[in-house]
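A note on names: the letters A, B, ... follow the listed sequences, proteins ahead of strands, and every chain is numbered from 1. Bear in mind that the values here come from a model prediction, so they are computed numbers and not experimental data.
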Amino acid sequence: MFIARAIVAVSLIIAAGTLPAWATDGAPSRVVSMNVCTDQLAMLLAAEGQLHSVSHLAGDPGVSVLADEAGRYVVNHGLGEEIFLMQPDLVIAGTFTTRATIDMLRRLGFRVEEFAPEGTFEGVKANIRRMGELLGRQQRADELIAELDAGLAELASEPAPPLSVALYSANSYTSGDGSLSNAVIRAAGLQSIADRLGIVGVQRLPLEQLVLANPDLVVLGERTYDRPALAHENFRHPAFTAIASQDRLVRIPDRYWICGAPFTLEAARLLRDAANAHAEAAR
Amino acid sequence: MSDRMQYVAVLGALAVATLALFFVSLTTGPADVGFGESIRALVSGDADLLTLVMREIRLPRALLGLMIGATLGLSGAVLQGYLRNPLAEPGLLGISASASLGAVVAIYTGISVAFPLGLPLAALAGAVLAVLLLRVMAGERGGTLTIILAGVAISAFAGAMTSLVLNLSPNPFAATEIVFWMLGSLTDRSMTHLWLSAPFMLAGWVMLAMLARPLDVLTLGSDAAASMGVDMRRVQFLAVFGTAASVGAATAIAGAIGFIGLVVPHVLRPLVGAVPSRLLPASALGGATVLLAADILVRLIAPGRDLKLGVLTAIVGAPFFLWLVWRTRRRML
């Protein structure tokens with residue numbers, strides 16, 4: 001087993017080392033990504049053989065849309081030593097990746113590019129464009145951006161039912177202006193409760209304010225855990241179940257909107273479908 | 001003014017303060033609604049959403065604040081009398097921490113989802129173990145120092161085990177909830193929590209109230225009390241299970257809230273002429289007053305941040321505890 005794995009690892013290294021492949025001149029040929037969001041952008045954009053390693057979260061179907069595809073790459077855990085041994089010519093990280101690791105990699109002479117999480121579709125497009133430039137894959141980036149624009153335009157062209165939406169997560173947190181989830185609600189053509197309450201970024205939304213806001217739809221994360229915690233008790237509170245009856249609950253898998261990418265559109269589509277279904281049922 | 005009249009006056013003043021704070025608690029919250037409007041919505045029940053907020057969120061919170069405060073004040077007074085120790089208090093003696101541990105095991109293993117009564121029962125079991133252990137450690141003539149040191153050890157152990165259970169939970173939120181179990185909070189507790197804990201707290205109160213007269217006699221010493229016909233085994237049973245039932249249920253719902261049981265009886269003792277049977281009801285009302293006030297303050301000081309109750313009670317209680325230690329230092333050494 002170990003030998004088999006070692007052979008795979010060695011052959012991967014050789015393959016990656018000897019075949020800079022289809023990457024255009026000057027483009028990095030051995031790229032390591034350390035963040036689940038940059039992992040997915042890199043997987044979507046990189047040329048064959050150009051991306052060497054992605055983070056372990058990229059293979060977690062709970063947070064990664066491309067979990068199946070992540071199996072094709074070497075897994076890293078964002079540890080400096082691990083990345084050093086891979087000898088990449090480009091390291092891509094999120095701005096939330098451990099500072100110590102990034103600083104160390106930079107001291108060791110690696111080229112590290114950081115990506116900030118984006119809260120708007122414009123920002124997502126800018127990230128795709130930048131990733132395309134870094135990987136020398138501008139053309140592929142333009143295709144993805146065009147795809148995203150087409151999807152957004154399609155959503156905007158169909159009329160949306162005039163419904164209000166509240167995001168409600170564990171520990172009563174919600175996302176307001178400046179968050180990607182809020183951008184998704186707007187893209188779906190719905191009205192966010194957070195906007196009405198003036199909530200900016202990720203903040204607590206006390207249960208009683210949620211009840212008084214009386215949203216038409218309540219969006220919960222899909223993720224469930226084996227064991228309970230008090231953080232999820234807000235979903236069982238009698239006041240919550242009274243306003244968020246089953247027909248008002250919408251579950252959108254976290255993986256679609258944890259990261260801003262072309263597939264974030266899917267979250268907006270799911271939300272729009274749920275709104276249409278709710279409006280249909282009300283009629 | 002006679003003793004009796006002063007006692008009645010103290011009780012009356014405490015009752016008025018408790019009632020007033022109860023209504024302030026009912027009308028304090030993140031949703032900005034006027035006093036009259038919210039009380040009307042609570043009573044009339046025709047203001048749809050506001051009624052829901054008042055009846056399902058504010059009312060259980062205020063009622064739990066009242067009952068848990070009373071539990072802590074009452075059990076503090078009983079423990080101080082029963083152990084004849086000025087520093088006795090559920091928090092300091094590790095009873096709250098052990099009850100927390102019981103509750104944490106019940107909640108995070110999923111027992112309480114399948115069997116809701118498991119939550120107060122597990123907390124009660126934790127509290128009983130702590131009290132029994134304290135009793136054994138203290139022996140028949142347990143000195144102040146022995147009991148406090150045993151309490152420190154029990155607290156530390158129960159706290160560590162609580163952290164361990166929470167850290168080992170596969171749920172990533174569990175570890176951050178250590179703060180709740182160590183410092184306590186009443187945020188978004190519901191009527192379900194009230195129904196689950198109230199019977200245990202009421203049963204505990206009844207048992208502790210039955211100790212009023214024996215505690216009076218006990219001030220003469222346990223030998224004297226025994227010779228005067230006080231059944232010491234019954235006293236022990238009532239003290240252990242009364243404290244465990246009420247503090248266990250309170251802690252299972254709101255986490256461990258410290259110092260109320262210490263400060264309240266000390267402040268009220270001189271006002272009621274240092275008679276245990278009079279101190280018990282006064283301490284219950286005093287505890288309710290203090291916890292309701294703390295729960296109002298956490299909402300006013302840091303709205304939306306879920307400041308924990310134990311932070312406020314410790315700010316007042318810890319310096320008071322130091323002062324008590326200073327005063328009793330001579331006797332302890």
Side-chain angles (χ1 to χ4, degrees), chain A residues 36 56-57 60 62-63 164 166 168-176 193-194 196-216 218 220-245 248 254 258, chain B residues 28-33 38 41 47-61 103-104 106-114 116 119 165-166 168-181 185 187-195 253 255 299 302-306:
Chain A
V36 66
H56 66 289
L57 284 176
D60 178 348
V63 290
S164 59
Y168 196 57
S169 334
N171 276 327
S172 297
Y173 274 93
T174 194
S175 313
I193 289 292
R196 204 195 294 166
L197 294 172
I199 288 171
V200 179
V202 175
Q203 269 186 33
R204 285 182 81 94
L205 172 60
L207 182 56
E208 52 181 74
Q209 276 184 318
L210 175 76
V211 170
L212 291 180
N214 198 23
D216 296 310
V218 179
L220 306 178
E222 187 204 39
R223 205 133 210 234
T224 50
Y225 298 95
D226 299 346
R227 293 289 158 76
L230 294 184
H232 314 298
E233 279 204 354
N234 47 0
F235 303 130
R236 291 193 304 170
H237 196 290
F240 177 75
T241 49
I243 63 138
S245 47
R248 287 182 176 202
D254 289 348
I258 278 184
Chain B
T28 307
D32 203 11
V33 188
S38 42
D48 211 15
L49 292 170
L50 189 55
T51 300
L52 187 64
V53 167
M54 292 306 296
R55 290 192 177 168
E56 296 294 341
I57 301 176
R58 301 264 184 98
L59 185 63
R61 182 171 191 159
V104 161
I107 289 179
Y108 295 87
T109 53
I111 294 174
S112 66
V113 177
L119 174 63
V165 172
L166 293 173
L168 290 181
S169 165
N171 192 312
F173 289 100
T176 62
E177 285 159 15
I178 293 174
V179 185
F180 169 86
W181 292 107
S185 167
T187 303
D188 290 349
R189 303 281 88 187
S190 65
M191 276 297 176
T192 323
H193 294 115
L194 183 71
W195 296 131
I253 297 308
R299 280 177 278 178
R305 296 195 180 219
D306 196 16

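Neither the backbone nor the side chain of A:Gln203 comes within contact range of chain B; no heavy atom of the residue lies under 4.5 Å from a heavy atom of that chain. If you measure heavy-atom distances from B:Arg58 to chain A, the contacts under 4.5 Å come from the side chain alone. There is no contact between B:Ser112 and chain A, counting heavy-atom distances below 4.5 Å.
Here the shortest heavy-atom pairing between B:Tyr108 and A:Arg227 reads O-CD, 3.4 Å. Between B:Ile57 and A:His237, the shortest heavy-atom distance links the atoms CG1-CE1, 3.8 Å. Between B:Pro30 and A:Gln209, the closest heavy-atom pair is O-NE2, 3.6 Å. For B:Glu177 against A:Ala229, the heavy-atom pair with the smallest separation is OE1-CB, 3.6 Å.
By number of non-hydrogen pairs under 4.5 angstrom with chain B, the leading residue of A:Ala170, A:Pro206, A:Pro228 is A:Pro228.
Contact of the A:Glu233 side chain with the B:Thr192 side chain is not registered, since no non-hydrogen atoms from C-beta on lie closer than 4.5 Å. A 4.5 Å side-chain heavy-atom check between B:Glu56 and A:Leu207 finds every atom pair outside the cut-off.
Here A:Glu208 contributes atom CD and B:Thr187 contributes atom OG1; the two are 10.0 Å apart, rounded to the nearest 0.5 Å. A distance of 9.0 Å separates CG in A:Leu230 from OG1 in B:Thr176, rounded to the nearest 0.5 Å.
No option in A:Asn214, A:Val211, A:Leu212 other than A:Val211 meets the side chain to side chain contact (heavy atoms under 4.5 Å, CB included) test with B:Leu52.
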